[in-house]
Amino acid sequence: MKLCLVLCLALFWMELQLGASQQANKRRKDAGENRIRPGGKRGKARQPKLKEGGGRGHTLLTQVLEKGRFLRLGQSTVLTPGNDLELRCKGSKIGWTYPSYLDTFNDTRLSVIQSDKYGQLILTSPSAADTGRYSCYVIVCDGSECEKDHDHAFASHIYFADKDNLFVPSDIHFQIVYMRPDKPANVPCRVTTPHATVSLHREVPPEEIAANGTLVTYDPAEGFVLQTPSLEYQGVFYCKAVVKGTPQISTKYQLLYVEVPSSPPFVSLKASSKLVNGGDNVNVTCSVIGEPDVDVSFTWSYPGQGQRPVHIHTSWRLVNRGRGQTTRMTQSVLSVEDMETIDFGKYICKAKNQHGETLVTTDITSD
C-alpha cells in the first residue's frame, strides 16, 4: 500500500514538472515573436515595393544570352561583331541612349521595345562602327510631366572588337578639332577594343605626343584629351593603334586654336544701298563672326513680308585671323528685285546661337 502511494505521488510530481516546462517554452516563444528591435522596428520587416516607371523604380542593364540567361553589364563590355545584341532594363517606363548615328541615319537594325515589366533594346548584326555607350534609365512621371531618374540610370561602353578595324569607323576622313583656352580639347580616336595600345602623333614635324596622365590623358572610349590646349598643339594629328604587333592608323585631325569668346552672336547688317529708286535690286547682308563650331540661325522681318517675293541665301566659312586664331563667318543675304513702294522701310535681322540672340536693323528709303 505504501509502495502504491509513493508511485502515485511520483507520477503526479512528473506531470507538474512537464506542465511547467511547456508554459515556460510558450512564454519564450511569445516573447520572441513580439520582440522589438532597436529603433522600434520588428525583425525581418518587409520593405514596400516601389513602382517601376511611375515611382522611384530600380533597374539594371543586362544582356540577354542564349537559353534565357542574363548577364549584368559592367562599365565596359567587349562583344563579338555580327552577333545580335539584346539589352534589357527592368521597369514599366525605360529610356535608352546609344550611339547617336543610329538615330541620324534611321538605322533599321535598331529597335526599342517597352513591355509591362521591362524595356528592351535590340541591335541586329552589330559591327565595329556600333561601338559606343549604351545606357538605360527609369522614367519617373508626375502627372503629365516625366523626367529621368538619375539615381536609377545604368550604362556600359560596349566594344565590338574587330581586328580589321581597331578604330571605330567614320565617314569623316579629315576632322577638325577646335581648341579653346578655357576647356579641354578631345582628339576622338576611339578604338573597338580596350586592349589596343594607342599613341598620338603629330604629322609635321613628325613626333609622338606622350599621354602623361596630366597635360595629355587617354581613354579608349573617348580618345586623347588635351587638358590645357595652346597654340603649340595646332596642326595635323593622327592616332596609331597596335594589337599583337599589327599597327593601324586613324583618320587625321586638324587641330585649330580658337580665342573667340562664347557669347550671343556679334552681328552686323549692311544694305547694298540705303537710298534706292523703284525698280532697283537690293541685297541686305546679315553677318556674324563667332566660334568655328557654333551654328547660327537667322530670322528676317521686312516691309513687304508676305506680299512680295524675296530670296534668302545663308552660308558660312572659316576665316584665319592670324596669330593662330580661326573664326567662323556666317552670312544671310536677303535679296529684293525690282523694288516697289511697299519694299521701302525697316529691315530686321535676328541672329541666334546656343548662347543667345542679337537683333539689328537698317532702313531702306526712296532716293
**Request:** Taking all non-hydrogen atoms of both residues into account, name the closest pair between F344 and G278 and its distance.
**Result:** CZ-N, 4.4 Å
**Prompt:** Is V138 close to K90 at the side-chain level, that is, under 4.5 Å between some pair of heavy atoms?
**Reply:** no
**Request:** Sequence neighbours left out, what pairs pass ring-ring contact (aromatic ring centres under 6.0 Å, His included) with at least one residue falling in residues 217-256?
**Result:** H201-Y238, Y218-F224
**Charged tip of K148 within 45° of Y137 ring normal and under 6.0 Å** = yes
**Asked** Do V236 and F174 have side-chain heavy atoms sitting under 4.5 Å apart?
**Response** yes
**Fill in**
The complete set of salt bridge (Lys or Arg N to Asp or Glu O under 4.0 Å) pairs with one or both residues in residues 231-243, sequence neighbours excluded, reads none
**Prompt:** What are the two closest non-hydrogen atoms of D343 and D338, and how far apart are they?
**Reply:** OD2-O, 4.2 Å
**Message:** Is there a continuous path of hydrophobic side-chain contacts, each under 4.5 Å between heavy atoms, that joins V204 to V187?
**Reply:** no
**Request:** Give a yes or no on whether the backbone of F167 and the side-chain of N165 come within a donor-acceptor separation of less than 3.5 Å.
**Result:** no
**Request:** For salt bridge (charged side-chain N to carboxylate O under 4.0 Å, His left out), just list the numbers for K252 and E203, CA-CA rounded to whole Å, side-chain angles, deciding distance to a tenth of an Å, and then say yes or no.
**Result:** CA-CA 9 Å; K252 292 184 179 181; E203 199 167 68; 2.5 Å; yes
**Request:** Run the salt-bridge test on E340 and R308 with the 4.0 Å N-O cut-off and return the result as yes or no.
**Result:** yes
**Prompt:** With a 4.0 Å cut-off, would you call R180 and D293 a salt bridge?
**Reply:** yes
**Asked** For the hydrophobic clusters of this structure (ILVMFWY residues joined by side-chain heavy atoms under 4.5 Å, transitively), does one cluster hold both F160 and V78?
**Response** no
**Side-chain (Q248) to main-chain (K163) donor-acceptor, under 3.5 angstrom** = yes
**Asked** Who pairs with Y159 by ring-ring contact (aromatic ring centres under 6.0 Å, His included), at least two apart in sequence or on another chain?
**Response** H157
**Asked** Taking only residues two or more places apart in sequence, or in another chain, which ones meet V64 in a side chain to side chain contact (heavy atoms under 4.5 Å, CB included)?
**Response** F70, E86, R88
**Asked** When clusters are formed by joining ILVMFWY residues with side-chain heavy atoms under 4.5 Å apart, either directly or through shared neighbours, do V216 and V225 land in the same one?
**Response** no
**Check: T365/D363 side-chain N/O donor and acceptor closer than 3.5 Å** = no
**Donor-acceptor pair, side chain of T362 and main chain of Y347, under 3.5 angstrom** = no
**Message:** Tell me the closest heavy-atom pair linking E208 and S199, and the distance in Å.
**Reply:** OE2-CB, 3.5 Å
**Prompt:** With a 4.5 Å heavy-atom cut-off, do S100 and D103 have their side chains touching?
**Reply:** no
**Prompt:** Does D295 have any side-chain hydrogen bond (donor to acceptor under 3.5 Å, both in side chains) partners at least two apart in sequence or in another chain, and if so, which?
**Reply:** R328
**Fill in**
Nearest heavy-atom approach of N353 to S263 is ND2-O, 3.0 Å
**Item:** Any donor-acceptor N or O pair under 3.5 Å, side chains S287, Q331
**Value:** yes
**Request:** Please lay out, stage by stage, how T124 and D84 fare under the test side chain to side chain donor-acceptor pair (under 3.5 Å).
**Result:** CA-CA 4 Å; T124 59; D84 292 355; 5.1 Å; no
**Message:** With a 3.5 Å distance limit and no angle check, can you tell me whether S250 reaches the backbone of C239 through a side-chain donor-acceptor pair?
**Reply:** yes
**Request:** Only counting residues at least two apart or in another chain, list the ones meeting side-chain hydrogen bond (donor to acceptor under 3.5 Å, both in side chains) with T217.
**Result:** Q227
**Request:** Report yes or no: does S273 contribute a side-chain atom to a donor-acceptor pair with the main-chain N or O of V276 at less than 3.5 Å?
**Result:** no
**Prompt:** Hey, are the side chains of L85 and Q63 touching, using non-hydrogen atoms and a 4.5 Å cut-off?
**Reply:** yes
**Distance-minimising heavy-atom pair for A128 and D162** = CB-CB, 3.8 Å
**Prompt:** Transitively linked via ILVMFWY side-chain contacts under 4.5 Å: V336 with V333?
**Reply:** no
**Prompt:** When you check the side-chain N and O atoms of T131 and T192, is any donor under 3.5 Å from an acceptor?
**Reply:** no
**Message:** Would you say V168 ends up clustered with V177 if hydrophobic residues are merged whenever their side chains have heavy atoms under 4.5 Å apart, either directly or through other cluster members?
**Reply:** no
**Asked** Do any N or O atoms from the side chain of S156 and from the backbone of I158 form a donor-acceptor pair under 3.5 angstrom?
**Response** no
**Request:** List the atom of C141, the atom of K93, and the distance in Å for their closest heavy-atom pair.
**Result:** SG-NZ, 3.4 Å
**Asked** How about W300 and S332: does a side-chain donor come under 3.5 Å of a side-chain acceptor?
**Response** yes
**Message:** Quick check against the 3.5 Å criterion: does N212 have a side-chain atom that pairs as donor or acceptor with the backbone of L215?
**Reply:** yes
**Prompt:** Distance only, no hydrogens: is a donor on one side chain within 3.5 Å (strictly under) of an acceptor on the other, for H355 and E291?
**Reply:** yes
**Asked** Would you say Q305's side chain and Y302's backbone share a donor-acceptor pair under 3.5 angstrom?
**Response** yes
